[in-house]
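Hydrogens, waters and symmetry mates play no part in the numbers below; they use all other heavy atoms, side chains included. Order of the sequence lines fixes the chain letters, A, B, ..., with proteins taken first and strands second; residue numbering starts at 1 for each chain.
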Number of protein chains: 2
Amino acid sequence: MTDGVVERVRPRDRILETARDMFHKHGIRGVGIDAITEAAGTNKMTLYRHFESKDDLIIECLRATACSANAMWEKFEAENPGDKLAQLHAWVRMAADCLMSDRRGCDMANAAIELSEADHPARQVIKELKEAQRERLVSLCRDAGIGQAELLADTLSLLLEGARVSLQSVGAEGPSAQFVRMAEGLITSFRAR
Amino acid sequence: MTDGVVERVRPRDRILETARDMFHKHGIRGVGIDAITEAAGTNKMTLYRHFESKDDLIIECLRATACSANAMWEKFEAENPGDKLAQLHAWVRMAADCLMSDRRGCDMANAAIELSEADHPARQVIKELKEAQRERLVSLCRDAGIGQAELLADTLSLLLEGARVSLQSVGAEGPSAQFVRMAEGLITSFRAR
DNA sequence: CTCTAAAGTTACAGACCGGTAACACCCTAG
DNA sequence: CTAGGGTGTTACCGGTCTGTAACTTTAGAG
């Protein structure tokens, strides 16, 4: 194993990738195990050999999503090394691209809404991952020299979260269309203080 | 019928009210017809005599929610007749109360996320009702003498929507805790332009 | 009181769900 | 070649879901 050469994608990764995509598109409660395994070109037994339960699979999907998000943060730093303000603008641009290219919003927020049970095992994971993202944005704002860094970061967070939800309920012509203007205006306003 | 005196609550209304409450607390896909009828003190047949299907019931629940929201707008006008700026501040206060007293957010937004099928019959209803609410807030901002009324209204909309979602994913100590500060700051800022 | 419409009861259909058991297969490391 | 772990196949369990049929009971209008 770990041959190094080409190496077909292992079932576990295929399942994880397929599940992420289907959970994102149709919601967690809207996709069954059978549908996932079939789309992943495998079967139910193999899935349950790699994941304890559907809940476990859900959690792994969320972790994978957080991992992708982290990769984006590293891209900000790589493309604008040291220039934290430029990275903040890059964050806004990335968020806007996200809003335009995808109508189904944030997987974690959607999961938090779908998994309404207060003690669902995924809830704790969602909270942790969201808090980590919040901390990153706060740090970015602070390092960009913004005075009220926490307040700006939280405002931008809520704006994006709201835009992603509004996109799903009102559509692309709704309030979310103004996201960039709002975000850039806020940054300008906070910089002037 | 329509006796005028006391009159027990009719099954249809009991079902509607119970369904609204349960959909809100546990999500649409998380509540079954049996659970609703049992909690409403009635039975499945009676439900299906009053509502064509679960989807129909969902839509009626959303309409009822929108109706409650309208009642709140009228309260704003009644308590601050003519004073549109005071009504805008009342809106902020109401939103904040909503955030503190309830952790499950907006029924329409939650429904839009849960009902991921792009052609679900409830989606059109959600869009219409959300657009109506947007129009009300825009009008309020305009009548309050705000220059860029649309932009302020849309920003406040997204902030509230985001706060409601963030409340569910990060919790009450997250960014949503700063909602009032953000909203009031925005109003002040827009008034100064 | 009687007649009728609304509401309750029971049973069921048909589909889907998450999860498991038992067994056959194949591919590769040794 | 061989042994064994990962994978595929089939069948199944018990539960839940929306929705319907047929029948009985109740309550209010005249």
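- Residue pairs satisfying the side chain to side chain donor-acceptor pair (under 3.5 Å) criterion with at least one member in residues 54-63 of chain A, sequence neighbours excluded, are listed as follows: A:Asp55-A:His120.
- If you check residues 23-37 of chain A against DNA chain C, the residues with a heavy atom closer than 4.0 Å are A:Val31, A:Gly32, A:Ile33, listed by number.
- The nearest whole Å value for the distance from the CG atom in A:Asn43 to the P atom in D:dC12 is 18 Å.
- Listed by chain and residue number, B:Gln124 satisfy the side-chain hydrogen bond (donor to acceptor under 3.5 Å, both in side chains) test with B:Glu128 (two or more places apart in sequence, or in another chain).
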Atom pairs, N/O to N/O, protein against nucleotides 11-13 of chain C, distance under 3.5 Å?
none

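- Put simply, A:Arg10 has a side-chain N or O that comes within less than 4.0 Å of OP1 or OP2 on D:dT7.
- By the 6.0 Å contact criterion, CZ on A:Arg191 is open, its count of non-hydrogen atoms from other residues, nucleotides or ligands being 12 or less.
- Ion pairing between B:Glu150 and B:Arg142 holds under the 4.0 Å rule for side-chain N and carboxylate O.
- Of the side-chain N and O atoms in B:Thr46, one or more sit less than 4.0 angstrom from OP1 or OP2 of C:dG8.
- Comparing D:dG6, C:dG8, D:dG8 by their nearest atom to the side chain of B:Thr42 picks out C:dG8.
- For the pair B:Tyr48 OH and D:dT18 P, the computed distance is 6 Å after rounding to whole Å.
- Judged by distance alone, with hydrogens and angles left aside, the side-chain atoms of B:Asp154 form no donor-acceptor pair with the main-chain N or O of A:Gln178 at under 3.5 Å.
- In this structure, A:Arg14 places its CZ atom 11 Å from C1' of D:dG8, rounding to the nearest Å.
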Can you list, pair by pair, the side-chain donor-acceptor contacts under 3.5 Å of residues 160-167 of chain A, counting residues two or more places apart and other chains?
residue, atom, partner, partner atom, Å
A:Glu161, OE1, A:Lys130, NZ, 3.0
A:Glu161, OE2, A:Lys130, NZ, 3.3

Note to self: Quick one, B:His24 with B:Asp102, criterion side-chain hydrogen bond (donor to acceptor under 3.5 Å, both in side chains). Give me CA distance, side-chain angles, the key distance, then yes/no.
What the structure shows: CA-CA 10 Å; B:His24 177 76; B:Asp102 174 57; 2.9 Å; yes
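- The nearest whole Å value for the distance from the CG atom in A:Leu47 to the C1' atom in D:dG8 is 14 Å.
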Next item on the list: Go through B:Glu77 and B:Lys84 one step at a time and tell me if the salt bridge (Lys or Arg N to Asp or Glu O under 4.0 Å) criterion holds.
Entry: CA-CA 8 Å; B:Glu77 173 63 38; B:Lys84 297 297 179 181; 3.1 Å; yes
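- In this structure, the CD atom of A:Glu38 is 14 Å from the P atom of D:dG8, given to the nearest Å.
- Of the charged side-chain nitrogens involved, at least one lies within less than 4.0 Å of a carboxylate oxygen, so that A:Lys25 and A:Asp21 count as a salt-bridged pair.
- Residues from residues 49-64 of chain B that place a heavy atom under 4.0 Å from any atom of DNA chain C, listed by number: B:Arg49, B:His50.
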Note to self: Set out, in order, the CA-CA distance, both residues' side-chain angles and the distance that settles side-chain hydrogen bond (donor to acceptor under 3.5 Å, both in side chains) for A:Ser68 and A:Arg20, then state yes or no.
What the structure shows: CA-CA 12 Å; A:Ser68 304; A:Arg20 271 185 71 185; 3.2 Å; yes
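- Spacing between atom CD1 of B:Ile15 and atom P of D:dG19 amounts to 14 Å, rounded to whole angstrom units.
- Salt-bridge check for B:Arg12 with B:Glu17: failed, with every basic side-chain N at 4.0 Å or more from each acidic carboxylate O.
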